[in-house]
Amino acid sequence: MSQVSVTTGAKPVHLQFDDNRLLPSLFGQHDEFLARIEKQLGVSVTTRGNRVAIFGPEDAVELARRVLNELYARLKRGMAVDSGEVDAAVRLAGHVETHGAERTSIHTRRRLIAPRSKAQAAYMAALEQHELVFAQGPAGTGKTYLAVAMAVAMMLRGQVDRIILSRPAVEAGERLGFLPGDLKEKVDPYLRPLYDALYDMLPAEQVAKRLESGEIEVAPLAFMRGRTLANAFVILDEAQNTTAGQMKMFLTRLGENSRMVVTGDVSQIDLPLGAVSGMVDALQVVGNIEGATIVTFTDADVVRHPIVTRIVRAYDSRDKAGTGSAK
């Protein structure tokens with residue numbers, strides 16, 4: 001394990017785990033997960049057999065204890081632990097809600113998804129409880145991924161009959177006729193992230209079958225006009241690139257027994273200069289009406305590679321400093 005400078009004045013906390021078979025998965029190869037916990041929390045962890053001792057400042061030691069117990073409980077439930085789960089457990093350890101993570105997990109055919117940040121836990125609860133959810137924040141926070149996961153879970157439970165996934169094809173101005181190929185070839189590049197999320201939740205043959213039957217529909221925003229979307233879980237991704245008119249059109253498609261999720265990052269608007277973002281407008285106008293809620297993510301909630309968090313923060317710092325940007 002790495003050498004970490006810690007204050008050892010407080011009494012160490014001792015843990016004992018009852019299933020030695022799980023310890024390699026808990027500690028990581030060459031104790032890499034323990035080293036990760038040491039580095040992030042500023043503690044020192046020693047092991048002897050199935051016993052663990054944690055040294056360091058009292059508050060940090062308590063957090064490390066929660067992290068190890070949470071990860072061990074995850075392994076006992078038959079769930080995997082990787083470096084991402086270790087980081088997630090560290091992020092959640094400071095919140096009472098940590099031990100409620102199992103209750104807010106999303107079950108799909110291919111995986112069981114638990115929140116990896118406090119904001120993700122709040123988002124998953126909002127997806128269960130509200131008819132209209134706005135999720136705004138930077139890339140890598142799980143806005144679209146978790147929405148697709150909840151849509152799949154609700155379809156598998158029979159709560160909705162179909163899933164409708166949409167994005168504005170803003171790069172082409174939605175003038176798809178100018179692009180080569182048939183309709184599917186024209187729109188697929190803009191919708192690929194939604195397909196990727198689907199394939200992560202369901203076996204490939206089920207995705208193909210449900211796409212063919214219409215139970216799952218992936219379409220550009222322009223195709224929503226004039227429809228009423230009933231008994232459906234509807235997701236609009238990259239919503240910061242809608243106009244105010246497009247957003248109003250989309251929101252008013254919501255039919256009986258349906259859920260709608262609108263995701264986007266209002267710091268990444270690609271609309272023509274002077275155009276009002278439909279997401280910015282909707283957050284102000286309808287974000288807090290009865291039945292709707294807003295969940296906001298920050299760079300602290302980025303759950304991709306750690307360098308993505310640093311990239312987001314670097315750009316935010318540059319933008320706040322007003323040093324200019326390249327479009």
Q. Any ion pair linking Arg167 and Glu238 (charged N to carboxylate O, less than 4.0 Å)?
A. yes

Q) Does Glu62 pair with Arg65 as a salt bridge, N-O distance under 4.0 Å? A) yes

Looking at every heavy atom in both [X] and [Y], which two are closest together, and how far apart are they?
X	Y	result
Ser83	Phe33	N-CE2, 3.8 Å
Ala147	Val261	CB-CG1, 4.0 Å
Pro138	Asp299	CG-N, 3.9 Å
Thr108	Ala149	CG2-O, 3.7 Å
Ala64	Ile54	CB-CG2, 3.8 Å
Ala135	Lys143	O-CD, 3.7 Å

Within a radius of less than 6.0 Å around [atom1] of [X], do more than 12 heavy atoms belonging to other residues, nucleotides or ligands occur?
X	atom1	answer
Glu212	CD	no
Lys209	NZ	no
Gln16	CD	yes
Glu256	CD	no

Using modelled atom types and a 3.5 Å cut-off, is there a donor and acceptor pairing between side-chain atoms of [X] and backbone atoms of [Y]?
X	Y	value
Lys76	Asp19	no
Asp31	Leu34	no
Arg74	Ala80	yes
Arg253	Met249	yes
Ser166	Leu236	no
Glu215	Ile163	no
Arg259	Leu127	yes
Glu32	Gly28	no
Thr141	Gly137	no
Asn241	Asp270	yes

Q: Apply the test side-chain contact (heavy atoms from CB on, under 4.5 Å) to residues Ser25 and Val81: give CA-CA distance (whole Å), side-chain angles for both, the deciding distance (0.1 Å), then the verdict.
A: CA-CA 7 Å; Ser25 297; Val81 167; 5.5 Å; no

[atom2] on [Y] to [atom1] on [X], rounded to 0.5 Å:
X	Y	atom1	atom2	value
Ser258	Asp161	OG	CG	9.0 Å
Met150	Ile106	CE	CD1	4.0 Å
Glu205	Arg210	CD	CZ	11.0 Å
Leu71	Ile37	CG	CD1	5.5 Å
Leu63	Leu41	CG	CG	5.5 Å
Thr144	Asp237	OG1	CG	3.0 Å

Student check: side-chain heavy atoms of [X] and [Y] closer than 4.5 Å:
X	Y	result
Val262	Val133	no
Met260	Phe250	yes
Leu254	Leu229	no
Val218	Tyr195	yes

Q: Keeping to residues at least two apart or across chains, list the ring pair (Phe, Tyr, Trp, His ring centres under 6.0 Å) pairs with something in residues 58-84.
A: Phe17-Tyr72

Q: Any pair with a residue in residues 115-157 that passes ring pair (Phe, Tyr, Trp, His ring centres under 6.0 Å), sequence neighbours left out, goes on the list, sorted by first then second residue, please.
A: Tyr123-Phe297

Q. Could you walk me through whether Leu15 and Val13 pass the side-chain contact (heavy atoms from CB on, under 4.5 Å) check?
A. CA-CA 7 Å; Leu15 301 175; Val13 167; 4.2 Å; yes

Q | Candidate pair Gln40 and Asp87, rule side chain to side chain donor-acceptor pair (under 3.5 Å), full reasoning | A | CA-CA 9 Å; Gln40 293 187 48; Asp87 293 346; 2.6 Å; yes

Q: Start with the C-alpha gap between Leu165 and Val234, add the side-chain angles, then the distance that decides, and say whether side-chain contact (heavy atoms from CB on, under 4.5 Å) holds.
A: CA-CA 6 Å; Leu165 310 175; Val234 190; over 6 Å; no

**Q.** Partner set under side-chain contact (heavy atoms from CB on, under 4.5 Å) for Ala53, not counting sequence neighbours
**A.** His14, Thr46, Phe55

Return a table of donor-acceptor pairs under 3.5 angstrom between the side chains of residues 272-295 and protein atoms on other chains or two or more places apart.
{"unit_1": "Ser277", "atom_1": "OG", "unit_2": "Gln240", "atom_2": "O", "d": "2.9"}
{"unit_1": "Ser277", "atom_1": "OG", "unit_2": "Met279", "atom_2": "N", "d": "3.2"}
{"unit_1": "Ser277", "atom_1": "OG", "unit_2": "Val280", "atom_2": "N", "d": "3.4"}

Q: Determine, stepwise, if the pair Val52 / Val45 fulfils side-chain contact (heavy atoms from CB on, under 4.5 Å).
A: CA-CA 7 Å; Val52 173; Val45 181; 3.5 Å; yes

(Q) By the definition side chain to side chain contact (heavy atoms under 4.5 Å, CB included), identify the one residue from Leu22, Asp18, Asn20 that meets it with Asn50. (A) Asn20

Q. Between Ser117 and Asp301, is a side chain to side chain donor-acceptor pair (under 3.5 Å) present by the stated rule, with each step listed?
A. CA-CA 6 Å; Ser117 72; Asp301 300 303; 3.2 Å; yes

Q: Mind checking salt bridge (charged side-chain N to carboxylate O under 4.0 Å, His left out) for Glu128 and listing every partner two or more places apart, or none if nothing turns up?
A: Arg157

Q) What side-chain hydrogen bond (donor to acceptor under 3.5 Å, both in side chains) pairs are there with at least one residue in residues 225-236, not counting sequence neighbours? A) Glu217-Arg227, Asn231-Asn257

